[in-house]
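Scroll down for the structure; my scribbles are underneath it.
Naming: A, B, ... by sequence-line order, numbering from 1 per chain. In what follows, every heavy atom counts, from backbone to side chain, and hydrogens, waters and symmetry copies are set aside.
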There are 2 protein chains.
Amino acid sequence: MPGIKDVARLADVSVSTVSYVLSGKRSISAKTTDRVMQAIEQLGYTPDASGQRLRGRRNHIIALSEPIRKDMNQAQYSAYFMQAAFQARKAGYDVLLLGAEDAVSDIQRVTRGNLVDGVVLLDVMENDSRAAAADTFAKPSVAIGYPHVHEACACIDIDFTALGEIASRKLYDLGHRRVALLRSLEVNYQRGVGYMLLFRDSFLKHCAKLGIKVIESEEVTINFNAERFVHEVVLGPEAPTAIVSQSNADILNIVFDTLGNLGVRVPQDLSIISCGTYMQGEMPRYPVSELPLDPEGLCCKIIDVLVDSIENKRDIRGLVELTEPQYIDRGSLGLAASAPRKGGDNKRM
Amino acid sequence: MPGIKDVARLADVSVSTVSYVLSGKRSISAKTTDRVMQAIEQLGYTPDASGQRLRGRRNHIIALSEPIRKDMNQAQYSAYFMQAAFQARKAGYDVLLLGAEDAVSDIQRVTRGNLVDGVVLLDVMENDSRAAAADTFAKPSVAIGYPHVHEACACIDIDFTALGEIASRKLYDLGHRRVALLRSLEVNYQRGVGYMLLFRDSFLKHCAKLGIKVIESEEVTINFNAERFVHEVVLGPEAPTAIVSQSNADILNIVFDTLGNLGVRVPQDLSIISCGTYMQGEMPRYPVSELPLDPEGLCCKIIDVLVDSIENKRDIRGLVELTEPQYIDRGSLGLAASAPRKGGDNKRM
DNA sequence: TTGTACGCGTTATCAG
DNA sequence: CTGATAACGCGTACAA
């Protein structure tokens with residue numbers, strides 16, 4: 001393994017000259033530059049990472065903390081860390097994946113040991129031990145999410161309170177006064193996945209204010225029967241004119257299938273809107289209008305903020321940035337149906 | 001940030017003594033040890049990672065190379081890298097995620113710069129540029145997969161040739177002589193995803209040998225109509241007694257739904273077996289017997305091999321380990337139906 | 001049992 | 001514009 005000294009010797013210059021040629025932090029004559037570059041190629045020289053970070057105090061590594069859980073929706077979270085990794089690379093940073101049981105001590109270890117320059121917290125819950133312990137990390141940290149305790153880290157997320165309001169407003173303006181809320185997997189609420197709770201609370205509150213009646217689905221577990229949900233709730237006595245879904249593409253597919261079999265047209269007879277979901281990462285078989293999550297946009301912003309903090313030593317503790325939700329119209333949300341539902345008495349099933 | 005020198009000064013010993021107290025590679029008197037430990041705690045000292053790897057030549061970091069692709073099945077691959085990360089941590093290694101466009105130069109950079117001790121190649125294709133360039137990596141590498149060119153890296157995977165043979169044998173023993181093959185997403189074959197091709201080729205070959213007639217589905221693209229597949233192929237003139245699926249849970253769900261609506265019972269009227277899939281990571285709504293992928297088992301073995309190579313300087317270039325497929329009975333595979341299919345003329349759809 | 005010196009690459013500083 | 005040197009932090013071979 002050739003070192004910088006070997007290069008210097010071969011090019012007949014000093015080590016500092018080689019270093020300056022590589023970094024460009026000093027102007028070096030073209031002739032010298034040529035000789036050095038030639039020596040580097042000839043020897044196949046690559047600087048050793050440990051030496052590089054000795055001086056600069058920067059590793060160009062960002063830690064990504066993702067607590068390992070059996071029940072995690074892998075499809076969804078992988079979108080976040082692939083995006084975060086991609087954006088980090090664009091900014092010139094490698095990504096260290098942390099997934100140990102004890103996330104807090106893991107982050108302490110890599111930040112205090114100067115192994116990483118900063119930390120991204122993924123899959124953040126309302127009561128997140130990592131966010132709460134962020135003051136014990138020796139490097140800046142950013143959470144995707146909005147935990148209760150966040151004095152020592154930055155928080156970046158979609159504004160899910162606004163999302164609940166926008167959704168209720170949109171339904172109201174289209175004339176909907178009775179809507180069904182299709183819940184997400186129960187385990188998410190129980191675990192305290194912040195955004196799902198935030199959206200639901202905000203949505204229910206604003207619906208109450210606007211006079212929209214919300215009929216909630218029963219708790220969605222792994223054995224949830226989406227067909228029965230359609231028959232009992234959607235076609236039930238309360239006759240909602242829209243479904244607001246927090247659920248995943250699999251369940252939504254069954255809902256669409258069931259409605260199709262019953263001859264219920266979307267959106268003429270019934271509107272559907274999906275909120276706080278990310279259908280691009282799943283496989284919906286029917287287009288559904290959405291107030292979606294935004295892994296790409298968020299990760300882009302998160303890395304921006306973190307890198308800025310690292311490189312310009314900006315203090316980002318306590319920073320909170322909630323971005324405006326963006327509605328995507330895919331044609332499943334329309335005016336509230338007033339006439340009796342076509343095919344409503346179709347007994348095919 | 002206190003350094004080892006500060007600790008040494010406070011404990012009134014030399015830096016080497018502090019180092020040996022931490023590593024335990026020399027016997028130090030209890031009195032000295034106490035003083036040193038006290039100083040360490042008092043200062044909150046954590047060794048700096050860059051210094052640590054200066055001498056030891058070991059970073060305790062493993063690189064995970066995952067080429068970023070738009071069309072990748074995120075749910076599936078995330079299972080591999082979460083597992084790899086988990087197993088690596090168990091062995092005391094951190095994981096650096098590599099996902100740049102040019103994977104080869106990325107790996108060269110981190111291996112030649114001594115940033116990582118070894119490399120795991122994920123999502124390996126038959127003609128994989130990374131495996132082919134493994135001789136230019138300065139550290140040992142292991143591929144999950146079985147690329148054509150693999151002289152310079154180790155390859156660990158399930159034996160998909162055996163998997164094809166076992167599947168055909170199993171079907172044959174249960175009396176099946178006509179089976180439908182439900183292909184995976186076409187893009188996987190086109191891209192050269194090794195295991196899918198290996199299984200398919202082996203399965204077709206062994207079926208031919210055993211006299212099993214295989215009716216293949218049309219190419220599966222994003223617009224694939226699984227209902228039509230059931231109507232045209234499964235209930236078509238050739239009347240296969242089993243479906244062998246390489247497809248995902250979403251498509252399989254539709255197949256089950258369609259069969260259910262038609263009154264075709266599984267496995268009494270029709271058997272279904274899924275091969276080279278990983279249903280635990282997806283959301284199948286019906287239990288399906290499977291000759292599955294095994295992210296956990298493979299990642300465990302891969303990290304074992306790689307860590308052994310790193311720590312004992314074992315040369316693993318060219319090593320190939322193909323593990324025996326394990327059949328999981330979930331009740332969807334049974335004796336070939338001989339009587340005319342119940343509900344076969346049901347015209348509900 | 002303890003101290004000293006070395007190695008890695010970058011960069012501030014001083015000297016040409 | 002370029003060269004020489006020291007310092008940064010740690011582990012460990014070697015000397016004492």
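Between dT2(D) and T32(A), a contact under 4.0 Å exists linking OP1 or OP2 to a side-chain N or O. A sub-4.0 Å separation between OP1 or OP2 of dG3(D) and a side-chain N or O of T17(A) is present. A close approach under 4.0 Å does not occur between any side-chain nitrogen or oxygen of K25(A) and OP1 or OP2 of dT10(C). Distances shorter than 4.0 Å separate none of the side-chain N or O atoms of S14(A) from OP1 or OP2 on dT5(D).
With hydrogens and angles ignored, a donor-acceptor pair closer than 3.5 Å exists between the side chain of R26(B) and the base of dT2(C). Below the 3.5 angstrom threshold, one finds a donor paired with an acceptor across the side chain of Y20(A) and the base of dA12(C). Judged by distance alone, with hydrogens and angles left aside, S16(B) brings a side-chain donor or acceptor within reach of the base of dG3(C), the pair sitting under 3.5 Å.
Between the CG atom of D34(A) and the P atom of dT2(D) there is a distance of 12 Å, given to the nearest Å. In this structure, D6(A) places its CG atom 13 Å from C1' of dG9(C), rounding to the nearest Å. Rounding to whole angstrom units, CG of residue L43(A) and P of dG9(C) are separated by 12 Å. Summarising the geometry, the separation between CZ on R9(A) and P on dA4(D) is reported as 13 Å, rounded to the nearest angstrom. The CZ-C1' distance, from R53(A) to dC8(D), rounds to 14 Å in whole Å. To the nearest angstrom, P of dG3(D) lies 17 Å from NZ of K5(A). dC10(D) atom P lies 9 Å from atom CG of N114(A), rounded to whole Å.
A 4.5 Å side-chain heavy-atom check between V13(B) and V36(B) finds at least one atom pair inside the cut-off.
A salt bridge links R89(A) with D94(A); the closest basic N to acidic carboxylate O contact falls under 4.0 Å.
Side chains of T32(B) and S29(B): a donor on one and an acceptor on the other come within 3.5 Å.
Contact annotation for V18(A): no contact, since no heavy-atom pair falls under 4.0 Å across all strands. Residue contacts for S19(A): at a heavy-atom cut-off of 4.0 Å it reaches a base atom on one of the strands shown. Using a 4.0 Å heavy-atom cutoff across all strands shown, I28(A) reaches sugar-phosphate atoms only and no base atom.
A donor-acceptor contact shorter than 3.5 Å links the side chain of T111(B) to the backbone of I107(B).
For residues 306-318 of chain A, every residue pair satisfying the side chain to side chain donor-acceptor pair (under 3.5 Å) rule, not counting sequence neighbours, is listed here: Y93(A)-E311(A), D308(A)-N312(A), D308(A)-R314(A), D315(A)-R317(A).
Closest to the Q52(A) side chain, of the nucleotides dC1(D), dG9(C), dC10(D), is dG9(C).
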